[in-house]
Amino acid sequence: MALLHRAELTPGKLDLLTSWLPSRPWYAGPQAPSLTRVGAFRFDDPAGAVGVETILVQADPDGPIFQTPLTYRDAPLAGAETFLVGTTEHSVLGNRWVYDAAGDPVYAAALAEAVLTGGTQAAEEVLAADGTTTARTPLMSVRGTGSRSAPVPPVRAVTSVADGDPTVISAGSVLVTLYRVVPATAISEAPSLLWGSRPLALVRVI
């Protein structure tokens, strides 16, 4: 379950991405894009401290779909300055540091868990507002292709990130291949995170 708050963000998520995306080596599009959100999904942080959300966007209606996983923290992540997308003021939670999730071990751990064990996005999102909570259906569904009984190595730190398309994330014995431009069809038999038949990431244990 992902707990969300009905709140205002200043600047908003798409505003942050509009400034950040053109600086990425894997981005191809206008330097001042008008982004459209294609979909979004969340993973749970077992500790309940870090928001983990993936947003799919387009800079052009006929252009590629870019995958932008983000993490939201209430304090800076030590050693992750190069992954900072920006900061935003959350009207309920206060100042939030927004990171490219490729550099955040909480994201790597959540992604590995979902992919290797055949899991999904947070199956339920609960919106909190004015002391009440309301369940809502996630905007999109993803699934891992692994097995429920598969072992999942612990992820304590991200040791290296090769920022391209795909982006390759090393996190201990977990190796993540993250597609920044979403392919049209599956291209590997490795344990994958799928959106329909389209792969978003691969996870290997090395």
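Worth knowing before you read on, the calculation uses all heavy atoms, side chains too, and leaves out hydrogens, waters and symmetry mates.
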Below 4.0 angstrom, N of the basic side chain to O of the carboxylate: do Asp165 and Arg24 qualify? no

If you group Ile, Leu, Val, Met, Phe, Trp and Tyr by side-chain heavy-atom gaps below 4.5 Å, do Val158 and Leu116 land in one group? yes

Could you measure the distance from the CG atom of Asp60 to the CD1 atom of Ile65? Nearest 0.5 Å is fine. 11.5 Å

Can you confirm whether Thr68 sits close enough to Leu21 that some side-chain heavy atom of one is under 4.5 Å from a side-chain heavy atom of the other? yes

Closest non-hydrogen atom pair, Gly103 against Val161: CA-CG2, 4.4 Å

Check whether Leu193 and Val182 end up in the same hydrophobic cluster, where Ile, Leu, Val, Met, Phe, Trp and Tyr are linked by side-chain heavy atoms less than 4.5 Å apart. yes

Distance-minimising heavy-atom pair for Pro30 and Pro33: O-CD, 3.3 Å

About how many Å separate CZ of Arg204 and OG of Ser170, when rounded to the nearest 0.5 Å? 11.5 Å

Could you tell me which non-hydrogen atom of Pro64 sits nearest to which non-hydrogen atom of Gln58, and how far apart they are? O-CG, 3.4 Å

Check for a donor-acceptor pair, side chain of Asp44 on one end and backbone N or O of Pro46 on the other, with a separation under 3.5 Å. no

Could you see if Tyr72 belongs to whatever hydrophobic cluster contains Val106? Use Ile, Leu, Val, Met, Phe, Trp, Tyr and a side-chain cutoff under 4.5 Å. no

List the atom of Pro25, the atom of Asp163, and the distance in Å for their closest heavy-atom pair. CG-O, 3.2 Å

What's the shortest heavy-atom distance between Ala150 and Thr117, and which atoms? O-CG2, 3.9 Å

How many angstroms lie between CG in Leu70 and CZ in Arg42, if you round to the nearest 0.5 Å? 9.5 Å

Pro154 versus Arg156, closest heavy-atom pair with distance: CG-NH1, 3.6 Å

Side-chain donor/acceptor of Asp104 to backbone N/O of Ala101, under 3.5 Å: no

Rounded to the nearest 0.5 angstrom, the CG-CG distance for Leu111 and Leu178 is 7.5 Å

If you group Ile, Leu, Val, Met, Phe, Trp and Tyr by side-chain heavy-atom gaps below 4.5 Å, do Phe41 and Phe66 land in one group? no

With rounding to the nearest 0.5 angstrom, report the CZ to OG1 distance, Arg96 to Thr71. 9.5 Å

Find out whether Leu56 and Met140 are in side-chain contact, i.e. whether some heavy atom of one side chain is under 4.5 Å from a heavy atom of the other. yes

Do NZ/NE/NH1/NH2 and the carboxylate oxygens of Arg180 and Asp100 come within less than 4.0 Å? yes

Nearest 0.5 Å, please: how far is OG1 in Thr120 from CG in Leu194? 12.5 Å

Is it true that Tyr179 and Gln67 share a donor-acceptor pair across their side chains at a distance under 3.5 Å? no

With a 4.5 Å limit on heavy-atom distance, are the side chains of Asn95 and Thr87 in contact? yes

Does Tyr107 reach the side chain of Thr54, with side-chain heavy atoms less than 4.5 Å apart? yes

Student check: side-chain heavy atoms of Val57 and Thr36 closer than 4.5 Å: no

So Ile206 and Val174, do their side chains get closer than 4.5 Å, heavy atoms only? no

Within a strict 4.5 Å, meaning less than it, do heavy atoms of the Val181 and Tyr27 side chains meet? no

Tyr99 side chain near Leu77 side chain, heavy-atom distance below 4.5 Å: yes

State plainly whether one hydrophobic cluster holds both Trp195 and Val176, where clusters connect Ile, Leu, Val, Met, Phe, Trp and Tyr through side-chain heavy atoms under 4.5 angstrom apart. yes

